[in-house]
Amino acid sequence: MAWEEVARSLTDLDKNREKPEALGDILVLDVSYGSFAGLFTTSLLSEMGAFVVRIEPPEGDIARKMAPYGLKVGDSSIAYLVEGRNKYHITLNIEHSKGREIFEELVAKVDVVVETFPTGKLDALDLGWEKLKGINPRLVLCSIKTYGEKGYLADEKQTPDTLDYDTVDQARSGFAWTVGIPEDYDEFPEHTRVPTKMGNWMAHYAGGAMAALAVMGALLFREVSGEGQHIDISPAEALMALNNYALHYYHLTGKVIGRVANFEPAAYAYNYFQAKDGMVFIAGYADPNWKALCDIIGRPDLVEKYPSLKDRTNPKNFIPMTQEIEKFTKQHTREEIQKIWQNYKGPGVTVAGEVLKPKETLEFDHWYERKALIKVKDKHYGELLVQGLPAKMSGTPPRLKWLCRPVGADNEFIYRQMLGYDQTYLERLRKEGVI
Amino acid sequence: MVDLKLFEITKKQEALKGIRVLSVTRIIYGPWAATLLGLLGAEVIHVEFPGSGDLLIRGVSPGGSFPRGLSPGMMCANANKYFLAVDLKHPKGKKILEELVAVSDVLMENFKPGTFDQWGIGYRQLSQINPGLVYVSMQGFGNWGSLSNRPSYDAYAQGITGLAEITGFPEAIPLKSQAWIGDFLSGTVAAYLTLVALYYRRKTGKGQFIDLSQAEVLIRAMDWTWIYMGITGKNRERTGNRDVAVVPSLIAKAKDGFVAIGAFPESEYLALCDAMKDEEMKSYVALEERYKHARKIYERIESWVAEKSVEEIEKLAREYGFAASRVMSSKDIYEDSHYNSRKAVWKFVDPLWDDLAYPNPLANLDKTPGRVKWSMRPVGFDNEHVLARILGYSEEEIEELYREEVIGKWDEKFPATAPPPGWDGKKGLFY
């Protein structure tokens, strides 16, 4: 059988439901607040089968209000809906003494707690790590916040009591410093030639992925040692680690890597070019591959003019080289270029691919075939298109069971199931403002 | 001076001690996934071909210069690994790989879909040798599906998913991140999934096959893009440095640099208005008002910031209670007291290359902190360590493998495949 068929049947998405879940025995409390880093962490865990109880204050997580252009469905911003997946949504006021007691009862029963409060806040509520590990020595407490829980600013009590903003994290990661159009590219308006944040909440996604990794490391360690631990992750530091060699290079050379628009400081061609109908990515950077690129566009003179890696990574040459190559690319559409490159059978490896608007991306079947994008019919929020499950796994594939639930929708079920509270007691807690 | 925090960390235990990872990976995506496991204590063997090794990344450096003989491209995703160089197309090379698989927990690869299967060392074959093996295959578009024959490049993934199109200013061009985020973020997710699979294996003894597409990871990370377009039918447009969901949250230009500001809850928003001494802004405190007047709010904040220094803004943020931070360069980060005290900036002495600095996002796990122990190594630098210590080959057998060119070392002709200039033949070797 051809490999593609083997791989497809190994990870057959239609069989996902028949297969076991890897984290089926893990209980998680997600008490994150206003943080998509926290939400993404528990989304990753819940997709792999963890039982995730999402704790919001009685008025709901402020993340439910983070709505692009104000767009909501029901009680939730559309952004929140994406990361509510597979979680049980309950409310609990941990500012209330009774709420804190209930939180402690829950902590005694779970494996993981994820929190994103400002540095020191859990301690101030007398729910800090020392306390929680006393309640449950096997607990993994995962704190995710811009400044972390420890370190110079925390010791100096200089960390702000604010939400953890993705923009601030991107700024502190060094990432924003290296994204954007350089100051001297004056064909672009001045206000666009600045350090630029990624369009998505990249620091929060990086922080969430790093936190989920750390949680799994801690759970594996617990298997061996029987001990839980406190994990302290900063989305800014997570994104910093994903910023290529910027920091390593500064130490070695004293040079700061700055912005280069869509060029690549260490290789050319490895950038975007103007095509007839938008932009295309073209790569061909090692010598034989550069030669292949020039061959395709019928410009052997460029090989002579820019023969070595050194010539091609000289930033002064970026624009002249690009202008020459664009003489070709501007004559063709993105699709034509992609095909021309794909049909090249000569020596060297060079590739081309389209740069698309998200709306154009949606047109590929690939994403739906592989459930990277899914149309879901949610009981509470209706029919929606959302990102699905990038991981295909033969043994324990991830699942999307439901998209989201309204604030407090699972109070009855969870409080009964986990703590044995009955209807009357819940009613009392509600009146007292605890849930 | 003794760095107490570093000392304290290195005394602690490692979460993945005893886990062996075979990383037959290239460029960044695969190598980074394996590095993360190495930071958490896994024993990672990085496999290259003898001679030039992974030249597509070893040869990557700004301006084509290689400080101290190090490759910036290679070093950033290859800490804590043993470097083995073996010709996998040679029957004896294949045998070495199979022997390693028999005693490993994880195999990671990011060659073109089907390459390993064709070589006879794919999941079909290796899972026979080791049914507990977690086999992680990392590609641009996955091992199957209508785009799976497309090449895997970070910048392509950023382009085709629309991530570049939503980044940057509407009046300029779509922007990719300079960092190879498609590789790095996907590598992080791949490392997470690997641990999930290892957790399951602990309970059941069963390994599995994992297929992770970097384009799909970027799609996953594009927050509200897809749900927004599904509901409105409109494209998601670029909005520069202004967040349109968290209003206000932005990066703005100050007199002497750039600063990020966030003030979403009412209390923080009002604190910002107070700091700005702007009464009119206060009338937009309700969220509906903020979305309606977002443009005006952003303009007012931007013109206020333009008159101040970065430090003034940071000071006002602390005083009044909203979030603000300078846009930091690698120099700012390198020198920052907070990052240094947390060892998020990890300065250490490498056994081969001397003093180096790395980011360490996993330094603050209190029982099992992640640590960077050593950097990239020359092609085939640890052949003897791997073959003799792990597989028990004799000196004569190893000699013969060299003679038959099944294994090999670096090639001085290629940049950054070799030890530092003037290497004494011993420094940095573990064997």
Side-chain angles (χ1 to χ4, degrees), chain A residues 3-4 7-8 22 66 68 70 78-79 151-153 162 165 167-168 171 177-178 188 192 195 199-200 205 209 212-213 216-217 221 229-230 232 237-238 240-246 249-252 256 265-266 281 309-310 351 353 355 357-359 361 366 370 372 385 387 390 392 394-395, chain B residues 15 40 60 62 64 67 72 76 114 117 143-147 151 155-156 159 162 165-167 169 172 177-179 184 188 192 195-196 200 208-209 211 216-217 220-222 224 227 230 235-236 245-246 249 260 262 291 323 325 327 329-330 337-338 341-342 344 357 359 361 364-367:
Chain A
W3 168 248
E4 189 178 345
R8 191 191 291 265
M66 296 173 173
I78 58 168
Y152 176 79
L153 286 176
T162 64
Y165 294 89
T167 320
V168 172
W177 187 277
T178 57
F188 300 106
T192 68
N200 69 329
Y205 278 92
L213 169 70
M216 284 316 302
F221 178 70
Q229 63 176 309
H230 185 195
D232 172 0
E237 292 166 9
M240 186 197 300
L242 311 188
N243 198 18
N244 292 10
Y245 45 76
Y249 192 70
Y250 177 75
H251 173 84
L252 287 171
V256 171
F281 165 65
L309 194 70
K310 252 200 165 74
V351 307
V355 177
K357 289 182 191 302
K359 206 172 173 184
T361 305
H366 185 84
R370 286 175 60 89
L385 172 71
Q387 49 272 66
K392 319 302 170 228
S394 67
Chain B
L40 290 173
V60 165
C76 66
D117 192 70
N143 279 273
W144 55 270
S146 50
L147 293 176
Y156 187 22
E165 266 285 353
I166 64 167
T167 300
F169 290 80
S177 65
Q178 180 183 145
F184 276 104
T188 309
Y192 160 71
L195 297 194
V196 169
Y200 178 72
Q208 60 181 305
F209 172 74
D211 169 3
E216 291 174 28
V217 171
R220 179 67 184 84
M222 285 166 69
W224 47 268
I227 192 169
N235 185 52
R236 176 174 178 179
V246 187
S249 171
Y291 290 120
S325 173
V327 173
S329 71
S330 48
S337 313
H338 185 63
S341 69
R342 285 171 59 75
N364 292 287
L365 279 59
D366 77 349
K367 290 246 171 65

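Convention: sequence-line order gives letters A, B, ...; per-chain numbering from 1. In what follows, every heavy atom counts, from backbone to side chain, and hydrogens, waters and symmetry copies are set aside.
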Which of A:R370, A:K357, A:E237 touches chain B most, by non-hydrogen pairs under 4.5 Å: A:R370
Main-chain N/O of B:K367 paired with A:Q229 side-chain donor or acceptor, under 3.5 Å: yes
Region of B:Y192 that comes under 4.5 Å of a non-hydrogen atom in chain A: both
Point-to-point distance, once rounded to the nearest 0.5 Å, from SG of B:C76 to CG of A:N243: 9.5 Å
Leading residue by heavy atom contact count with chain B [cutoff under 4.5 Å; candidates A:L213, A:T162, A:N200, A:N244]: A:N244
Main-chain N/O of B:N143 paired to B:D211 side chain as donor or acceptor, under 3.5 Å: yes
Part of B:N235 within contact of chain A (heavy atom distance under 4.5 Å): both
Nearest-0.5 Å distance that lies between atom CZ in B:R236 and atom CD in B:E165: 12.0 Å
Among the listed options B:D117, B:V217, B:L40, B:V60, the residue most often paired with chain A at heavy-atom distances under 4.5 Å: B:D117
A:R8 with A:E4: basic N within carboxylate O range, under 4.0 Å: yes
Chain A contacts, top residue of B:A15, B:A221, B:G162 (heavy-atom pairs, under 4.5 Å): B:A221
Part of A:L309 within contact of chain B (heavy atom distance under 4.5 Å): side chain
Structural part of A:Y152 lying under 4.5 Å from a heavy atom of chain B: both
Options B:S249, B:G230, B:P67, B:A344, ranked by heavy-atom pairs under 4.5 Å with chain A, top entry: B:S249
Under 4.5 Å from any heavy atom of chain A - which part of B:I227: both
Under 3.5 Å: donor-acceptor pair, side chain of B:Y200, backbone of B:L195: no
Chain B interface, residue from A:T167, A:L252, A:V355 that has the most non-hydrogen pairs under 4.5 Å: A:T167
Top contributor to chain A contacts, counting heavy-atom pairs under 4.5 Å, from B:S146, B:S341, B:A172: B:S146
Part of B:P151 within contact of chain A (heavy atom distance under 4.5 Å): side chain
Side chain B:H338, main chain A:L153, donor-acceptor under 3.5 Å: yes
Where A:P265 and B:Q178 come nearest, the two heavy atoms and their spacing: CG-OE1, 3.1 Å
Spatial distance of atom OH (A:Y165) from atom OG (B:S325) [nearest 0.5 Å]: 13.5 Å
Largest heavy-atom contact set with chain B, pairs under 4.5 Å, which of A:G70, A:A372, A:G217: A:G70
Region of A:Y245 that comes under 4.5 Å of a non-hydrogen atom in chain B: both
